[in-house]
Amino acid sequence: MTTIVLDIEGTTSSTESVHVGLYAYARPRLGPHLDAHRDDPEVRAVLAEIGAGTLAEAVEVLHGWMDGDVKATPLKTLQGRIWAAGFAAGELTAHFFPDVPPALRAWHAAGHRLAVFSSGAVASQRPWFRHAADGDLSVLVTHWFDTVNAGPKRQPDSYERISGTLGEPSGTLFLSDVPAELDAAAAAGWRTTGVRRPGEPNAAVPFGTHPVVTTFEEVNP
């Protein structure tokens with residue numbers, strides 16, 4: 001059995017579907033969500049971490065992070081909450097490349113274990129997989145990791161931390177379109193495969209010594 005850990009953006013799903021679809025949905029809702037849930041412990045913790053004096057200043061910081069594509073944990077936490085609500089309300093749908101759903105189902109049926117490690121909060125990962133056009137894919141995934149419960153995706157320590165949950169690193173395969181993430185996973189003893197999706201931002205980047213595929217049909221667990 002192999003544990004296959006999936007990146008989302010640029011790997012299972014198009015970058016545009018995240019940046020244009022999800023980001024555009026979350027941006028105007030950040031302020032209203034903070035205001036409506038300011039007594040929620042998780043939201044209070046987010047505001048404390050941002051360190052802004054007013055709600056308007058906090059929103060300005062969040063928008064700045066979005067504009068700079070900064071993977072800041074407070075931003076990811078809030079986006080995850082907003083996206084989860086959007087999926088639940090039927091206002092959002094998830095995009096997956098056509099080769100992904102059949103591959104995930106085949107790997108699961110073959111006895112392989114599936115996990116997700118994304119910079120997006122776990123709160124947004126679950127509904128993303130649950131609301132796929134091809135049906136609920138979340139039932140195939142056993143573990144969910146983000147920058148809060150695992151750590152930054154370009155640091156080997158994060159992958160070592162995940163191995164503490166998943167087990168033997170040599171039996172873990174990481175699929176990602178980001179070479180630096182693959183480097184970090186390899187440094188932690190994981191197997192790696194780069195995913196080069198035509199038309200995606202990282203389609204032309206060098207993957208070094210990592211094996212490379214263009215679809216999940218080419219992956220050998």
Side-chain angles (χ1 to χ4, degrees), residues 2-27 65-72 75-76 79-80 83 92-107 112 114-121 124-125 127-129 131-134 137-138 140-141 144-147 150-156 158-159 162 172-188 190-221:
T2 298
T3 298
I4 304 169
V5 182
L6 309 162
D7 169 51
I8 295 178
E9 184 180 324
T11 300
T12 66
S13 309
S14 71
T15 301
E16 183 179 17
S17 68
V18 176
H19 279 252
V20 176
L22 293 187
Y23 281 28
Y25 182 86
R27 188 181 185 99
W65 284 340
M66 290 189 72
D67 293 340
D69 195 24
V70 178
K71 310 296 186 183
L75 173 62
K76 292 300 180 182
Q79 287 175 327
W83 292 334
L92 290 173
T93 55
H95 167 271
F96 286 86
F97 293 111
D99 56 283
V100 173
L104 299 189
R105 292 192 173 102
W107 295 338
H112 299 301
L114 302 179
V116 173
F117 183 24
S118 172
S119 59
S124 64
Q125 295 173 18
W128 183 261
F129 276 74
H131 294 275
D134 292 71
L137 300 177
S138 69
L140 307 176
V141 180
W144 309 84
F145 301 98
D146 58 18
T147 56
K153 294 187 70 181
R154 301 188 182 204
Q155 295 185 9
S158 302
Y159 298 86
I162 292 174
T172 303
L173 171 64
F174 183 47
L175 307 179
S176 174
D177 68 319
V178 181
E181 296 177 0
L182 298 169
D183 292 343
W190 291 23
R191 293 168 53 212
T192 58
T193 295
V195 181
R196 191 189 303 280
R197 297 281 186 184
E200 286 296 300
N202 289 337
V205 300
F207 281 90
T209 59
H210 303 288
V212 178
V213 299
T214 56
T215 77
F216 278 16
E217 296 169 349
E218 302 169 1
V219 174
N220 181 15

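By the side chain to side chain contact (heavy atoms under 4.5 Å, CB included) test, Ala103 pairs with Trp107, Phe216, sequence neighbours left out. Pro152 pairs by the side chain to side chain contact (heavy atoms under 4.5 Å, CB included) definition with Gln155, Ser158, not counting sequence neighbours. In terms of the side chain to side chain contact (heavy atoms under 4.5 Å, CB included) criterion, residue partners of Arg27 (sequence neighbours excluded) are, by chain and number, His63, Met66, Asp67.
In this structure, the separation between CG on Leu175 and NE2 on His210 is 12.5 Å, given to the nearest 0.5 Å. With rounding to the nearest 0.5 angstrom, the OG atom of Ser124 is 10.5 Å from the CG atom of Leu92. Distance CZ/Phe97 to CD/Glu200: 4.0 Å, rounded to 0.5 Å. Atoms CZ and OG, from Phe96 and Ser14 in turn, are 10.5 Å apart once rounded to the nearest 0.5 Å. One distance of note links CG of Leu173 with OG1 of Thr192; it measures 7.5 Å at 0.5 Å rounding.
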Inset, instruction - For the pair Thr12 and Trp128, evaluate side chain to side chain donor-acceptor pair (under 3.5 Å) and give the outcome as yes or no after the intermediate values. - result: CA-CA 11 Å; Thr12 66; Trp128 183 261; 4.8 Å; no
Inset, instruction - Begin from the C-alpha positions of Phe207 and Leu182 and carry the test side-chain contact (heavy atoms from CB on, under 4.5 Å) through to its verdict. - result: CA-CA 9 Å; Phe207 281 90; Leu182 298 169; 3.6 Å; yes
Inset, instruction - Walk me through it: do Thr3 and Trp190 pass the test side-chain contact (heavy atoms from CB on, under 4.5 Å)? - result: CA-CA 10 Å; Thr3 298; Trp190 291 23; over 6 Å; no
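The shortest heavy-atom contact between Pro206 and Pro179 is O-CG, 3.4 Å. Taking all atoms of both residues into account, the shortest heavy-atom contact from Ala26 to Trp83 is CB-NE1, 3.4 Å. Between Asp146 and Gln125, the shortest heavy-atom contact is CB-NE2, 3.7 Å. For the pair Val141 and Ala115, the tightest heavy-atom approach, listed with the atom from each and the gap, is CG1-CA, 3.9 Å. Minimum interatomic distance between Leu137 and Ala132 (heavy atoms only, all atoms of both residues): CD1-CB, 3.8 Å. Minimum heavy-atom separation, Val18 to Glu9: CG1-OE1, 3.7 Å.
Using a 4.5 Å heavy-atom cutoff, the side chains of Leu75 and Val70 are not in contact. Here the side chains of Asp7 and Glu181 are in contact, with some heavy-atom distance below 4.5 Å.
Using modelled atom types, one side-chain atom of Ser13 and one backbone atom of His95 make a donor-acceptor pair closer than 3.5 Å. Checked by atom type and distance alone, the side chain of Tyr159 never pairs as donor or acceptor with a backbone atom of Arg154 at under 3.5 Å. Of the possible donor and acceptor atoms, one in the side chain of Arg196 sits under 3.5 Å from a partner among the backbone N and O of Ala203. Counting only distance, with no hydrogens or angles, the side chain of Thr2 and the backbone of Ile4 share no donor-acceptor pair below 3.5 Å. Checking side-chain atoms of Ser119 against main-chain N and O of Lys71 turns up no donor-acceptor pair under 3.5 Å.
Taking the six-membered ring where tryptophan is involved, the planes of Phe117 and Phe174 are tilted, since the angle between them lies from 30° to 60°.
Within 6.0 Å of CD on Glu16 lie no more than 12 heavy atoms contributed by other residues, nucleotides or ligands.
Checked against the 6.0 Å centroid criterion, the rings of Phe129 and His131 do not qualify as a close aromatic pair.
Checking each of Thr11, Thr15, Asp99 against Arg197 for a side chain to side chain contact (heavy atoms under 4.5 Å, CB included) leaves exactly one that passes, namely Asp99.
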